[in-house]
Amino acid sequence: MKEKVFRLPNAVIQNSDNLHPSTISVAQVFYANMGKHRKFTNCLANIAAMSFKCVDTVRQAIEELVKAGYIKKVYNFIYSDALGKSVYARTTYCILKPVEEDYTLVPYAWLKQDLTPCTMQVLLTCRMFMIKSDLRSFPSLRKIAALIRVSKSTVCNALACIAELGILLIEHCQKENKAYSSNSYHMIHHICDKSVRPLIVRCVTQNLHEAFSCTEYIQKRLSSGMFSF
């Protein structure tokens, strides 16, 4: 089964507008649920549940997104026969920033992960650096930290959490002179059968030195039907 994804502007991932981390989580919900006309209608309580945030946090995040020019609010009203007047219904959010260019494909499954905002930013950054036809990226820890404006130790803690959840696999790389190089990050979250994940781990830990050894291994097993989704 093909992985279901949505488009998220890289400006959101890189936090070009210096948004609060919780605001980025809420922005994901909007971009994941907008229709073909780039509109999303829902109540604050549902948005809060989808983003694992409280209603007050969502309300503040929406105001920040409006101020930054990402969305526009349109209030809807319906006529109440009981009251004899128009009453407020749900709000429609119009997505203003396009996603036709400079975007990252984000799996819908990630929205179901109750990650801290910072951990989600690290995960999104790893995904952003991936080649579209590959499941591997290799940004340095310093580069990730600089992009999302956090410390290197915070990035390390976030990556450990992501790896423990089985969303990605971290391959520690070395150069020919044994000097440490940037880690390689392989996405394995889409492999539902967790029993085969140890095989992937074993592949990476057997001192394989070919540049795309882990990726080629995963793709070969996927094409042979060994891994289930």
With a 6.0 Å cut-off on ring centres, are F6 and Y31 close enough?
no

Separation of M120 CE from I167 CD1 (nearest 0.5 Å):
7.0 Å

State, to 0.1 Å, how close L8 and Q28 come at their nearest heavy-atom pair, and which atoms those are.
CD2-CG, 3.9 Å

Measure the spacing between CG of N10 and CZ of F129 and express it to the nearest 0.5 Å.
9.0 Å

Closest non-hydrogen contact found for V58 with A48 is CG2-CA, 3.5 Å

With side chain to side chain contact (heavy atoms under 4.5 Å, CB included) as the test, would you mind laying out the steps for Q14 and M128 before giving the verdict?
CA-CA 9 Å; Q14 297 175 11; M128 182 180 68; 3.5 Å; yes

If you compare all heavy atoms of C126 against all heavy atoms of I144, which two are closest, and at what distance to 0.1 Å?
SG-CD1, 4.1 Å

With side chain to side chain contact (heavy atoms under 4.5 Å, CB included) as the criterion, how do I62 and L44 come out once you've worked through the C-alpha distance, each side chain's angles and the decisive distance to 0.1 Å?
CA-CA 10 Å; I62 289 173; L44 290 176; 3.5 Å; yes

Crowding at CZ, R142 (>12 non-hydrogen neighbours, <6.0 Å)
no

Is the shortest heavy-atom distance from the side chain of V150 to the side chain of C118 under 4.5 Å?
yes

Nearest atoms (heavy-atom pairs only) where N76 meets T91
ND2-C, 4.0 Å

Hydrophobic cluster identity match, V26 and V55, side-chain contacts under 4.5 Å
yes

Decide yes or no on salt bridge (charged side-chain N to carboxylate O under 4.0 Å, His left out) for D17 and K97, but give the supporting numbers first.
CA-CA 12 Å; D17 297 285; K97 295 218 173 179; 3.6 Å; yes

Are the side chains of N15 and I148 in touch, meaning some heavy atoms are under 4.5 Å apart?
no

Less than 4.5 Å apart, any side-chain heavy atom of V12 and any of L124?
no

In short, C43 meets R90 closest at the heavy-atom pair N-CD, 4.0 Å

Cluster link I95 to V66, ILVMFWY, side chain under 4.5 Å
yes

Check: K85 side chain, L83 main-chain N or O, donor-acceptor pair, under 3.5 Å:
no

Over 60° means perpendicular and under 30° means parallel, so tell me whether Y93 and F30 are parallel, tilted or perpendicular.
tilted

Derivation of the side chain to side chain contact (heavy atoms under 4.5 Å, CB included) call for I71 and L96
CA-CA 5 Å; I71 63 174; L96 302 179; 5.5 Å; no

Under a 3.5 Å distance rule, please check whether R38 uses its side chain to pair with a backbone N or O of C94 as donor and acceptor.
no

Hey, is the main chain of Q121 close enough, under 3.5 Å, to the side chain of T125 for a donor-acceptor pair?
yes

Can you name the closest pair of heavy atoms from K112 and F52 and give their distance?
O-CZ, 3.6 Å

Roughly how far, to the nearest 0.5 Å, is CD of E64 from CG of N18?
8.0 Å

Could you verify whether a donor N or O on one side chain and an acceptor N or O on the other, from S25 and S22, lie under 3.5 Å apart?
no

For the residue pair P98 and Y103, establish whether any side-chain heavy-atom pair is separated by less than 4.5 Å.
no

N42 vs N33, side chain to side chain contact (heavy atoms under 4.5 Å, CB included): CA-CA, chis, key distance, verdict:
CA-CA 10 Å; N42 217 318; N33 291 279; over 6 Å; no

If Ile, Leu, Val, Met, Phe, Trp and Tyr residues are connected whenever their side-chain heavy atoms lie under 4.5 Å apart, and connections chain through other members, are Y108 and I47 in the same group?
yes

S151 OG to L141 CG distance, which is reported to the nearest 0.5 Å
11.0 Å

Find the distance between OG1 (T119) and CG (N157) and round it off to the nearest 0.5 Å.
8.5 Å

Heavy-atom count around Y88 OH within 6.0 Å, excluding the residue itself: above 12?
yes

How long is the straight-line distance from CZ of R127 back to OG1 of T104, given to the nearest 0.5 Å?
8.5 Å

Can you tell whether the side chains of E63 and K73 come within less than 4.0 Å, N to carboxylate O?
yes

ILVMFWY network linking V74 to Y70, side-chain heavy atoms under 4.5 angstrom
no

Sequence neighbours excluded, the answer for side chain to side chain donor-acceptor pair (under 3.5 Å) partners of Y79 is none

